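Below: the structure, in structure tokens.
Only heavy atoms go into these numbers, but all of them, side chains included; no hydrogens, no water, no symmetry mates. Predicted model only: the values in this text are computed from it and were never measured.
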2 protein chains.
Amino acid sequence: MASYDDVMSLSVRRGFLWPAVDLYGGFAGFYDYGHNGALLRRRWEDLWSETFLGLSDNYYLIDTTTILPEQALKASGHVDHFTDVLVTCTRCGESYRGDLLLEAATHEEHEGLSPAEIDERIRTLKIRCPNCKGELGPSRAFNMMFPVGVGPLGEDRAYLRPETAQGVYLNFKREFEALRRKLPMGLAIIGRAYRNEISPRQGTYRMREFLQAELQIFFDPATFADAVAFEDIEASKVRIAWASEKNEPTAHDIPAKELRDRGLPAWYVWHLVQVQGFYLNLLRVPRESFRFAELDERERAFYNKIHFDIQVKQESLGGFKEVGGVHYRTDHDLKGHEAASHEKQSVTVGTSKLVPHVLELSFGVDRNVWSLLDLSFHKGERTVLRLPARLAPVPIAVFPLVNKDGIPERAEALHAGLRRHLTAFYDDSGSIGRRYARMDEIGTPFSVTIDHDTLEGKGVTVRERDSQQQIRVKEADLLDKLVRLLSGDAKFIS
Amino acid sequence: MASYDDVMSLSVRRGFLWPAVDLYGGFAGFYDYGHNGALLRRRWEDLWSETFLGLSDNYYLIDTTTILPEQALKASGHVDHFTDVLVTCTRCGESYRGDLLLEAATHEEHEGLSPAEIDERIRTLKIRCPNCKGELGPSRAFNMMFPVGVGPLGEDRAYLRPETAQGVYLNFKREFEALRRKLPMGLAIIGRAYRNEISPRQGTYRMREFLQAELQIFFDPATFADAVAFEDIEASKVRIAWASEKNEPTAHDIPAKELRDRGLPAWYVWHLVQVQGFYLNLLRVPRESFRFAELDERERAFYNKIHFDIQVKQESLGGFKEVGGVHYRTDHDLKGHEAASHEKQSVTVGTSKLVPHVLELSFGVDRNVWSLLDLSFHKGERTVLRLPARLAPVPIAVFPLVNKDGIPERAEALHAGLRRHLTAFYDDSGSIGRRYARMDEIGTPFSVTIDHDTLEGKGVTVRERDSQQQIRVKEADLLDKLVRLLSGDAKFIS
């Protein structure tokens, strides 16, 4: 069980992540990744790409600009509808998000209310400024996008993109032509998005600059169900928390078949099962710490018809928190761009001509990294980050037991050899116990020690992080053994 | 020899890159990467990381925010000095970069002039508005950073970062503590930077949103020369174009030792040799198409003491063009942040206490990708992208010769097997010749064809891109053979 301070303190100490620009007193809502955080994030991104681009041989990664002109975001609806409700104190001038003020007063969620509704509840609940107890002014809608002026006089109005998705939609037709002209076609972006959050929260949960990994699957609603092997997963139990049971402590395990029978499209349920598999099998999230939470109409983004949040339970954040979502966006976005640009977005596939519908698998990369740190944090006599081996920033450490008798030279040579194939860290400072402890804190699953016996041809010691057990491995077998341990193809003690 | 249109047309047709937001008539200075461009760029980035982070075991990748508060960019000098000279027409209102107006009139470079100097030359040369022939108004300094207002009222003034480097400097102390507390220490970022260019140019050469790969090496000037093995490279010839010989058509091949004897620091020369090796040996740039161009005091950025541009000759852009630079930034940046933040940036290493100096290896990722497309473009009877095998977006293609007799099933199974290890593309549409031609255009070095003989256990055909020669390989040996071909460990015909 990790507290927020546990996770943040480890993150700072071990180079995972920390508040940005602390040299100048910090910069609310912005975080930087240190050397271990950058590696951990990269491994998560690689696993994500492998898993979700691997769902079809017609799914690809692209990359598009983070600044978009106003026209495009007007067409998508973001200029008019991507708003939060802002409440400003009439006395001290401090600003708040209306729904969060209500949440703090009632301990319930209040998403999707209009400014007038928020004003009324503020009056009813007699909420005053949390900062100075002053009277709160009237609420107003506040657009969360950051405006950017492009050109010498800033004359071309643009915004930092609030989601990666729009970059994909703008390129749909071009990629459809450059690719196989068939559906489903998937285009993914892993990249930054920006939201001028009124109240950035602690940690990486609500940031102003953040990373998304989003896959947009373009499909024909008439045939998409045929493209998925529903029969293979119909018995799979999916963990669901219904919108109507918001305050239920636990999720239900519902067979995929039953979800379909309740009215969710088969292709939607099939993708829920894939996402759940990613979390439970690859990221090793405990089953009871995972759920899909249905969003009701008020809570859903304006472009979504079916929307389940992906949630992971994190003690450091006080319980289940959103780390992504599975969104059926219909043909809303392509139709919007077609209407505004007067460029046809329809395509012909076989005998049918249509504007494709979109299923979006959306993930907050920073939130996922944080959840990995939270879930793998274990504190007892020692602090250990029990990351799945594939995700460990540094999978292998190499230590000379002592710094004499030719042992360091032997250890350095072995390290240089391993480094050609694996990320391996060499450490010769401090006691061997302290070195193990440092690697435990960054989640390194295997540490290799070179000692006097090594010089006599008796191999090296390999220590496993969680069990702290040690085995002796011949140098000639070491690389192969480590590779198989990391891939899960070999057991530590065979 | 590739024209600009050759490269751009191939890029669009084959999913490398294209002007962003063309749906709304384009967005000058912004480009998007399609599915093949994203892969090509990723392979370049991986090779870059392997090469330059591989220079030491104390060099790491980090990742920091693209929005930075004004204070930090004031301290770095960018708020006051990161300017171009802007000239606006008094009649039509069109704006121009002063130096580019002079360059167009004289065909010489005019970097580093003040607004007054530019006004004088405009008068002397009688330059008028290129658009309407109107009189040009007085020049003024124009800051190239994009301002961003953060917070509910946009009250926290910030900018999109103009270079990745500042993110590294802001984190120097934190990483020094989290790492080994030794120098040299290297921190790299591969990420976006933004400049509100007055005159974005064609292609990816001068973009408003672009990607940099920058390694900042922090060092002690008293000991850095000892950290490099100069003796290993002293005879290496480095291709140099001196600032005093700006209009020389060719570079000189100068031994590293001679460069050091002329006064360049040994550690600086050693890094020039490493950078040159990256271009000549790994990216396979022809020697005569590569050079370092010295910048004189006027041309150098305000923070650089020694500055050589890395230039690659590209026919599509009219000759040698900058793709990066090797910059000795001294202690300018850390001292600036120390003075502004009142946080000490000095560190103690051994017996000496110092604010480290910085050597920056800076690369424009988009410019490098473009140069790869330019250099590898070959047009004759067929269009072939002769990319080094390691950089090819899709290293392997798999084709069924015909779509009957069980051949597609066999080909699909083989493709599925290869895909677990390599990026492999399956194509069954059109004649075999057309399929080869498509792969040639994206630079796929090896194409595998399954035919009737395959069904009889006689292996598959592997065709090599450049020679168009074909060999027969047993299915059991195929993966191993392809892996060794791609890594350069095997010859095509052995």
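- For B:L53 against A:R419, the heavy-atom pair with the smallest separation is O-NH2, 4.2 Å.
- Put simply, the side chain of B:H35 does not reach to within 4.5 Å of the side chain of A:L61, judged on heavy atoms.
- Between A:P19 and B:R174 the shortest heavy-atom distance is O-NH1, 3.6 Å.
- Taking 4.5 Å as the limit, some side-chain heavy atom of B:Q345 sits within range of a side-chain heavy atom of A:L23.
- Using a cut-off of 4.0 Å between Lys/Arg side-chain N and Asp/Glu carboxylate O, A:D32 and B:R161 are scored as not salt-bridged.
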A:E343 and B:D22: side chain to side chain contact (heavy atoms under 4.5 Å, CB included), yes or no, with the steps? CA-CA 10 Å; A:E343 297 281 344; B:D22 68 318; over 6 Å; no
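- Taking chain B as the reference chain and counting heavy-atom pairs below 4.5 Å, the highest number among A:V12, A:L39, A:D57, A:L86 is found for A:D57.
- In this structure, the portion of A:N196 lying under 4.5 Å from any heavy atom of chain B is its side chain and not its backbone.
- Ranked by non-hydrogen atom pairs under 4.5 Å with chain B, the options A:A20, A:A178, A:P69, A:G34 are led by A:P69.
- Residue with the most contacts toward chain B among A:P147, A:S95, A:G151: A:G151 (heavy-atom pairs, distance under 4.5 Å).
- Per-residue heavy-atom pair counts under 4.5 Å with chain B were compared for A:F142, A:Y33, A:F210, and the maximum is reached by A:Y33.
- Of the residues considered (A:V21, A:I189, A:L153, A:L187), A:V21 shows the highest number of contacts with chain B, using heavy-atom pairs under 4.5 Å.
- Ion pairing between a basic and an acidic side chain is recognised when a charged N comes within 4.0 Å of a carboxylate O; A:D428 and B:K182 show no such pairing.
- Ranked by non-hydrogen atom pairs under 4.5 Å with chain A, the options B:H342, B:E209, B:E197 are led by B:E209.
- Put simply, of A:Y194, A:F27, A:F30, A:Y60, the one with the most heavy-atom pairs under 4.5 Å next to chain B is A:F27.
- We find the OG-CZ distance between B:S429 and A:R181 to be 10.0 Å, quoted to the nearest 0.5 Å.
- Interface remark: of the candidates B:L68, B:V148, B:I67, B:I67 forms the most heavy-atom pairs closer than 4.5 Å to chain A.
- Looking at B:A188, neither its backbone nor its side chain comes within 4.5 Å of chain A, counting heavy atoms on both sides.
- For A:R208 against B:P152, the heavy-atom pair with the smallest separation is NH2-CD, 4.3 Å.
- Using a 4.5 Å cut-off between heavy atoms, B:L170 contacts chain A through both its backbone and its side chain.
- Checked for salt-bridge contact, A:R180 and B:D427 miss the test: no charged N lies under 4.0 Å from a carboxylate O.
- Scanning both residues, A:A38 and B:I62, for their nearest heavy atoms gives CB-CA, 4.0 Å.
- The distance from atom CG of B:L179 to atom CG of A:N36, rounded to the nearest 0.5 Å, is 8.0 Å.
- Chain A forms more heavy-atom pairs under 4.5 Å with one residue of B:G37, B:A340, B:A75 than with any other, namely B:A340.
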Given side chain to side chain contact (heavy atoms under 4.5 Å, CB included), test A:V150 with B:F146 step by step and report yes or no. CA-CA 8 Å; A:V150 175; B:F146 288 104; 3.8 Å; yes
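- Note that OG1 of B:T64 is 11.0 Å distant from CH2 of A:W18, once rounded to the nearest 0.5 Å.
- A:L160 places none of its side-chain heavy atoms less than 4.5 Å from the side chain of B:T66.
- Ion pair B:R192/A:D63 flagged as a salt bridge, since at least one NZ, NE, NH1 or NH2 atom sits closer than 4.0 Å to an Asp/Glu carboxylate oxygen.
- Checking each of B:K74, B:Q71, B:H337 against A:Y24 for a side chain to side chain donor-acceptor pair (under 3.5 Å) leaves exactly one that passes, namely B:H337.
- There is no contact between B:I442 and chain A, counting heavy-atom distances below 4.5 Å.
- Residue A:R438: no heavy atom, backbone or side chain, is found under 4.5 Å from chain B.
- Residue with the most contacts toward chain A among B:E175, B:R41, B:R14, B:H415: B:E175 (heavy-atom pairs, distance under 4.5 Å).
- A:R97 does not touch chain B: none of its heavy atoms, backbone or side chain, sits under 4.5 Å away.
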